[in-house]
Amino acid sequence: MPSSDPDRSTGRKIMVVVGTRPEAIKLAPVILELKKRPAFKTFVVATAQHREMLDQVLEIFRIKPDADLDLMTPNQTLFDVTGRAVKAFEAVLNEVRPDCVLVQGDTTTAFVGALAAFYHKAAVGHVEAGLRTGNKYFPFPEEVNRKMVTAIADYHFAPTESNRRNLLAEGVPDAAITVTGNTVIDALLMTVEPDFSPKGFTLPRHQGLILVTAHRRENFGEPLEAVLHAVRDLAGLYPHHLFVYPVHMNRNVQKPANAILSKIDNVMLLPPLDYRTFSNLMAMSTIVLTDSGGIQEEAPSLGKPVLVLRNETERPEAVEAGTVMLVGPDRERIVREVRRLLDDRDAYDRMARAVNPYGDGKASVRIADFLEKRMEQGLNA
Ligand code: UD1
Ligand code: UDP
């Protein structure tokens with residue numbers, strides 16, 4: 001339940017909802033920006049759809065939620081977390097009575113947060129609006145989650161022009177869309193630092209560092225196993241390279257990752273890393289292999305080639321810029337493309353260019369400016 005009384009402030013009440021690791025990373029800069037401004041009383045609700053992985057991020061950014069719904073259960077299904085979240089929001093909305101609710105991205109937390117805010121008749125702002133693959137099962141369930149949030153939202157904060165066009169094509173009014181850049185770049189710029197050395201583990205000497213992450217629901221089972229076998233193949237082919245893989249806590253990832261990749265000298269399986277450590281490791285890496293959304297946005301701005309372990313992406317900008325390549329969860333293709341990058345200097349240099357299609361680090365300021373203006377005009381204006 002709320003630990004502070006937002007009624008004592010004169011500012012408009014903005015409820016910011018975070019549930020999983022990426023939402024916390026991408027909303028932390030927004031929360032910090034809103035909290036600086038007297039126009040707002042900012043109230044942070046953690047659904048805790050993720051527990052440890054959420055807390056890790058909140059700690060790095062020194063954000064203490066005003067309410068924590070503590071929803072996560074081990075191996076939760078979509079039905080579990082969706083059902084529990086709807087009911088839990090009712091109480092906190094009745095207590096806080098926000099003028100506006102901000103949700104981020106395409107998780108269950110974002111979808112249910114938007115739905116509950118609508119039931120409460122609060123204005124809804126969607127951070128990272130307008131990303132689409134056009135395929136409702138890839139990524140699953142995120143593509144449909146974000147479309148449902150679009151249907152509900154009053155303010156759409158689109159990271160890129162192409163995201164804005166997607167929204168216009170679905171009939172969202174132009175005046176309700178602001179192109180802001182992605183707030184993940186704000187977060188990245190707050191955490192990457194020169195001469196970083198990780199705490200809690202030591203990186204052995206290596207000729208190159210390949211950073212790996214994988215967690216997508218639609219890859220569970222055979223596709224994920226194909227990815228893990230590709231990493232194993234590569235570790236054998238490049239014994240002087242280091243393969244660092246912080247493994248997502250989902251049991252469907254932990255089990256095969258440990259079965260296929262443990263006890264290999266040059267593969268480091270780690271628990272999820274705090275954001276500061278992870279972003280600096282990304283900055284030190286040679287190549288990134290990932291099915292993550294956020295990492296597809298961060299690594300290009302650090303000049304790191306990214307091979308995406310998916311067949312489709314809602315983030316075409318860096319693919320078009322040539323620093324991200326879709327390789328799918330395809331064992332042979334992953335091995336082939338990593339070999340090409342490691343063995344052909346020109347091919348590597350062509351991909352390893354810093355490009356910044358996702359923002360300049362000021363997305364949070366633009367979001368707060370927009371909201372401040374709207375508040376002056378009266379919400380929903
Ligand atoms: C969720 C999001 C996905 C996002 C991902 C980021 C949905 C439907 N999916 O997927 O869009 O890309 O987060 O990582 O919203 N677990 C822990 N501790 C944690 C976090 C997870 O133990 O801190 C384990 C639990 O057993 C939990 C399971 O992972 O039940 C799955 O978590 P869940 O949030 O349902 O799904 P993700 O696959 O993490
Ligand atoms: N990340 C992190 N620690 C890790 C792995 C990833 O802090 O061990 C960060 C990463 O930099 C990115 C975000 O988590 O900002 C991506 O989260 P995830 O891949 O879980 O979700 P997605 O972006 O695919 O929704």
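All ligand and atom numbering here is 1-based and tracks the order in the structure.
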Worksheet item: Has Phe118 got more than 12 heavy atoms of other residues, nucleotides or ligands less than 6.0 Å from its CZ?
Response: no
Worksheet item: Considering only the protein, which heavy-atom contact is closest to atom 23 (O) of ligand 2, and what is its distance?
Response: Gly294 N, 2.8 Å
Worksheet item: Among all residues two or more places apart in sequence or in another chain, which pass the side-chain hydrogen bond (donor to acceptor under 3.5 Å, both in side chains) test with Thr77?
Response: Asp80
Discussion item. Can you tell me which portion of Lys26 lies within the under-4.0 Å heavy-atom range of ligand 2? Options are side chain, backbone, both, or neither.
Written reply: neither
Worksheet item: Are any of the side-chain nitrogens in Glu33 or Arg37 under 4.0 Å away from the carboxylate oxygens of its partner?
Response: yes
Worksheet item: Can you tell me if Arg217 has a non-hydrogen atom under 4.0 Å from ligand 1?
Response: yes
Worksheet item: So is Pro272 close enough to ligand 2, meaning a heavy atom under 4.0 angstrom away?
Response: yes
Worksheet entry | 4.0 Å heavy-atom contact, Gln56 with ligand 1 | no
Discussion item. Just to confirm my output: which protein heavy-atom neighbour is closest to atom 22 (P) of ligand 2, and how far is it?
Written reply: Gly293 N, 3.6 Å
Discussion item. Please list the nearest protein heavy atom to atom 20 (O) of ligand 2 with its residue and the distance rounded to 0.1 Å.
Written reply: Arg21 NH2, 2.8 Å
Worksheet entry | Charged N-O contact under 4.0 Å between Glu142 and Arg216 | yes
Item to complete: Provide, to 0.1 Å, the distance between atom 3 (N) of ligand 2 and the closest protein heavy atom, together with that atom's residue and name.
Response: Leu273 O, 2.8 Å
Fill in: Within-shell test, Asn252 vs ligand 1, heavy atom, strictly < 4.0 Å
no
Worksheet item: Please state which protein non-hydrogen atom is closest to atom 10 (C) of ligand 2 and give its distance, to 0.1 Å?
Response: Glu298 OE1, 3.5 Å
Response to the item:
among protein heavy atoms, the one nearest atom 9 (C) of ligand 2 is Ile25 CD1, 3.6 Å
Worksheet entry | salt bridge (Lys or Arg N to Asp or Glu O under 4.0 Å) against Glu161, all qualifying residues, sequence neighbours excluded | Arg164
Discussion item. What protein heavy atom lies closest to atom 16 (C) of ligand 2? Include the residue and the distance to one decimal.
Written reply: Ser292 OG, 3.5 Å
Practice prompt. May I ask you to identify the nearest protein heavy atom to atom 1 (N) of ligand 2, giving residue, atom name and distance to one decimal place in Å?
Written response: Phe278 CD2, 3.6 Å
Worksheet entry | His215 and ligand 2 - part of the residue with a heavy-atom distance under 4.0 Å | side chain
Worksheet item: Any non-hydrogen atom of Leu78 lying under 4.0 Å from ligand 1?
Response: yes
